[in-house]
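Worksheet: one structure, shown below.
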2 protein chains.
Amino acid sequence: MFRIGELAKQHGINADTLRFYEKHGLLAPSARSDNGYRVYSRDDAQRLAFILRAKAVGFSLGEITELLSIEVNKSQRVCSDVKDVVDDKLMKVSEKIAELERFRFSLQLLSDGCCGGSHSAEHCTILQALESCEPADFSQLAAETHADS
Amino acid sequence: MFRIGELAKQHGINADTLRFYEKHGLLAPSARSDNGYRVYSRDDAQRLAFILRAKAVGFSLGEITELLSIEVNKSQRVCSDVKDVVDDKLMKVSEKIAELERFRFSLQLLSDGCCGGSHSAEHCTILQALESCEPADFSQLAAETHADS
DNA sequence: GTTGACCTTGGAGTAGACTCTAAGGTTTAT
DNA sequence: ATAAACCTTAGAGTCTACTCCAAGGTCAAC
């Protein structure tokens, strides 16, 4: 049996975060003490641990809500229900990675094309690219490498 | 000379977005017509194109503000000023990718460990992992592969 | 009997990038 | 004359995941 501050400290989070999770239906204390303080059971603590592990692998609170709803009556649910959630997230994460890798590629081209020296930026290839390239196509820069100052 | 709707349409964005950019100091029309309508010049349109290209390579509006401030008086600025912004962003993007790749790895382990079949989720390895693994360490799952239903 | 550390509530603020609404003015076409 | 399609403003709402605040109640120690 833990009070909010204890439970928070144990898990390295803020008590406000626990109140926030309660407000959003992720984790409610199973009891209140006479003075109105929240009282968390060992089960509550395990549910919190579940939430934090799910967060650690990238799930959003909305997705965690979905996972929890499967978890609480898992005898009525099947493996594919769970795996679908994971695979769905896996796809979203992969898409985000792909987008960021496109960014990284373009940024690398921009960076590679620029001397980074201390002469005037008037002919800086980075600015020129942003001023006049075809949107999101900086492949020109790949060819024209620019001597250092 | 373009009105807000025209310029927005040309660039495939919302007129509200242009007003938003104006409010946040990224792009103000260089004139107003007698009736108070915003009037964008060709230069304004080019500045918008700059903004959109920068967005396309992943820069946030705050970072674009910085790039624009370099761009407008580039004769006083040097190549390294520009390259620093790009390299800084490159690092941030790479860090974000690394985080997402950790997520992807963990999610893949979870997915691989689960049969995804139609039997009860009571012994689902994914739920078990989220219930009881060491936080953010799902490497156990790598070993124990689970036969399909 | 008061200090300090806890707890309660409702509600506001943060960041980022829009997006929408309300209430109204202008222009163009029919 | 009027409808449709534009434009104006200020301000609110959206999403995510907290984080902080004010005003007050509770409890243990000294």
Taking only nitrogen or oxygen atoms into account, show me every contact under 3.5 Å that the protein makes with nucleotides 9-12 of chain C, one pair per line with its distance.
{"residue": "C:dT9", "atom": "OP1", "partner": "A:Arg32", "partner atom": "NH1", "Å": "3.3"}
{"residue": "C:dT9", "atom": "OP1", "partner": "A:Arg32", "partner atom": "NH2", "Å": "3.3"}
{"residue": "C:dT9", "atom": "OP2", "partner": "A:Arg38", "partner atom": "NH1", "Å": "2.9"}
{"residue": "C:dT9", "atom": "OP2", "partner": "A:Arg38", "partner atom": "NH2", "Å": "2.6"}

Do B:Ser60 and B:Glu63 have side-chain atoms, one donor and one acceptor, less than 3.5 Å apart? yes
Approximate separation, where rounding is to 0.5 Å, of A:Cys79 SG and B:His119 NE2: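 Here the interatomic distance stands at 4.5 Å.
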Rounded distance (nearest 0.5 Å) linking atom CG of B:Leu109 with atom CG of A:Leu90: 10.0 Å
For C:dA17, does either OP1 or OP2 sit under 4.0 Å from a side-chain N or O belonging to B:Tyr21?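 Indeed not, no polar side-chain atom of B:Tyr21 lies that close.
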For a quick test of reading the model: is some side-chain N or O of B:Lys9 closer than 4.0 Å to OP1 or OP2 of D:dA5?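 Checking D:dA5 against B:Lys9, no side-chain N or O comes under 4.0 Å of OP1 or OP2.
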Return the value, rounded to whole Å, for the distance between atom [atom1] of [X] and atom [atom2] of [N].
X	N	atom1	atom2	result
A:Ile4	D:dG25	CD1	C1'	16 Å
B:Leu18	D:dC7	CG	C1'	13 Å
B:Leu61	C:dT19	CG	P	11 Å
B:Phe59	C:dG16	CZ	C1'	17 Å
B:Lys92	C:dG16	NZ	P	10 Å
A:Phe20	C:dG13	CZ	P	17 Å
A:Asp34	D:dT26	CG	P	11 Å
B:His24	C:dC18	NE2	P	10 Å

Write down the atom of A:Cys114, the atom of A:Ile126, and the distance for their closest heavy-atom approach. CB-CD1, 3.5 Å
Give the minimum heavy-atom separation between A:Ile70 and A:Val82, together with the two atoms involved.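 Closest heavy-atom pair between A:Ile70 and A:Val82: CG2-CG2, 3.7 Å.
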Do the side chains of [X] and [Y] get close enough for a salt bridge, i.e. N-O under 4.0 angstrom?
X	Y	answer
B:Lys96	B:Glu99	yes
A:Glu101	A:Arg104	yes
A:Arg47	A:Asp43	no
A:Glu22	A:Arg38	yes

Rounding to 10°, can you tell me the angle the first-five-pair axis of the helix from C:dG1-D:dC30 to C:dT30-D:dA1 makes with its last-five-pair axis?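 The angle separating the two end axes equals 30°.
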From the set C:dC20, D:dC18, C:dT8, return the single nucleotide nearest to any side-chain atom of A:Thr17. D:dC18
Sorted by position of nearest nucleotide on DNA chain D, 5' first, the leading residue of A:Lys55 and B:Gly5 is B:Gly5
Side chain B:Ser132, main chain B:Gln128, donor-acceptor under 3.5 Å: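 A pair under 3.5 Å: yes.
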Would the number of heavy atoms belonging to other residues, nucleotides or ligands and lying under 6.0 Å from CZ of B:Arg42 be above 12? no
Review item, nucleotides 26-30 of chain C N/O atoms under 3.5 Å of protein N/O:
{"residue": "C:dT26", "atom": "O4'", "partner": "B:Tyr37", "partner atom": "OH", "Å": "3.4"}
{"residue": "C:dT26", "atom": "O3'", "partner": "B:Asn35", "partner atom": "ND2", "Å": "3.4"}
{"residue": "C:dT27", "atom": "OP1", "partner": "B:Asn35", "partner atom": "ND2", "Å": "3.0"}

